[in-house]
Structures are given as C-alpha cells and as structure tokens.
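Take a look at the structure set out below.
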Amino acid sequence: MRLDALDVGRLVTRGLRLLGDEGAGGAAVLVPLVFSRDDGGWDVVLEVRAATLDVQPGEVCLPGGAGKPGETPRETAVRETAEELLVDPGRVHVLASLGTLPGPTPRPLHAFVGTIDGYDGSFSTDEVASTFRVPLAWLLSHEPRRERVALRRSFGPDFPWELIPGGRSYPWGAREDCIPFYETDPVIWGATARVLDRLARALARGVDERAV
C-alpha cells in the first residue's frame, strides 16, 4: 500500500478514533451531584459497596461499572447510576467528561460528572450497602493525601532477554504509582479519590481561568 503524507495523517486519525471506540467497552463512573438543602450547594453522592460482592466488597466507590456491547462510556455511566441508585435514567444528567483515568483494573476508566434530579437517598441493596454525601465545597478546599508506591516488574520465564541490549542487566527506569486518599469517614481512596481529585482540580482551574 502506497501512502502519501496526507493519507498517513487521515488514516491514523481515523484509526485512533476507531481504537477509541473499541475501548468504549471499558468501565465508566459518574460523580453524581445532588442539591443540598443544608447550604444550597452541591453534594457528591458516594456508595459503600455491598459486603456480598466479589470485587472490592465494603469499599467506597462512585456509581459505575463495565460497559455493554455497543454502549458508549457516557451511556454506561448513566445506566449504572440509575441501576445502583434506583433512579430513572431520565433524571441523570451528564454535565461533562472528566476524561479517562487509571482504574483498579487494566480496563480504561471513563469518568463523568452529572446531576440527579430529586434524589432521595435510594439505592439497590444488591450492590450497595449504604450511601453518604460529601459537600463539593469540601472537596474543593481539601487536597487529598498522596502516597507514592514503587511498582515492580515481573518477567515470565519466556521473556526474550536476548532481544534487549544488556539482557538481564538492562537499566530499567523506575516506575511508581500515586495513590490518593481523602481521610473522610469512611475513607475515600484509590480510583474513586483519583476521580474526585480530577473533578476538584478541573473546577479550580476553570474558576481561575474565568477570573482572568
């Protein structure tokens, strides 16, 4: 196949778009904002996962889950929120994408922020043990604690060391992960804290830019 420079550019752009569509079947979460009657601001609704679940039982999370075939990440976030918090999907309104972040699994984690009209605290006991709220204003005024963790590489017995200059002595660069914690009760950490931190940082930057 002979390609000129413009062909390469067009094909790569189209291919990346299609690859993105293939990755749409990952996981998606929503940061659900509900109106607070206490101070007239916004609260974030968080879940404590049911103890009967096989994956991450008892941990704090945002509503979300794996996508279904043919479903966009946005649709996944709305469907999962409706199922877990027992609300009609029409009451869930996505405001913005928070992008794709590292999640607890190799699948891409697509995050969104949105609102739920008239949420009354309901939830599905099949997946959720309880819910609690954190004021959005609190997240904006509290930085999470960030802990850096060194990541170790593990090589299989058939790893082709002979293809690498220096073989087993190759000077691999250090890799690390940064795990955020909000020391609330219960504690919010990991991917959930990472999504909330992304939201808070984006809002703060947006406010700063608007003031310029």
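On a predicted model such as this, the values are computed, not experimentally measured, just so you know.
Counting heavy atoms from C-beta on, the side chains of V195 and L98 come closer than 4.5 Å. Contact check for E47 versus V60: no side-chain heavy atoms found under the 4.5 Å cut-off.
Inspection of the T115 and H93 side chains reveals no N or O donor paired with an N or O acceptor under 3.5 Å.
Looking at R133 and D43, a side-chain N of the basic residue comes within less than 4.0 Å of a carboxylate O on the acidic one, giving a salt bridge. With respect to the salt-bridge test (charged N to carboxylate O, under 4.0 angstrom), the residues R145 and E147 qualify. A salt bridge links R194 to D177: one of the charged nitrogens lies within less than 4.0 Å of a carboxylate oxygen. Electrostatic pairing of E75 and R79 does not count as a salt bridge here, judged by no charged N lying under 4.0 Å from a carboxylate O. Salt bridge E176/R148: present, at least one basic N to carboxylate O contact under 4.0 Å.
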Derivation of the side-chain hydrogen bond (donor to acceptor under 3.5 Å, both in side chains) call for T76 and E71
CA-CA 6 Å; T76 299; E71 190 175 54; 2.8 Å; yes

ring-ring contact (aromatic ring centres under 6.0 Å, His included) assessment of F155 paired with W161:
CA-CA 10 Å; F155 301 95; W161 291 105; 4.6 Å; yes

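Screening T192, L139, V187 against Y182 for a side-chain contact (heavy atoms from CB on, under 4.5 Å) leaves a single residue, L139.
Note on ring orientation: taking the six-membered ring where Trp is involved, the planes of Y170 and W172 are perpendicular (angle over 60°, cut-offs 30° and 60°).
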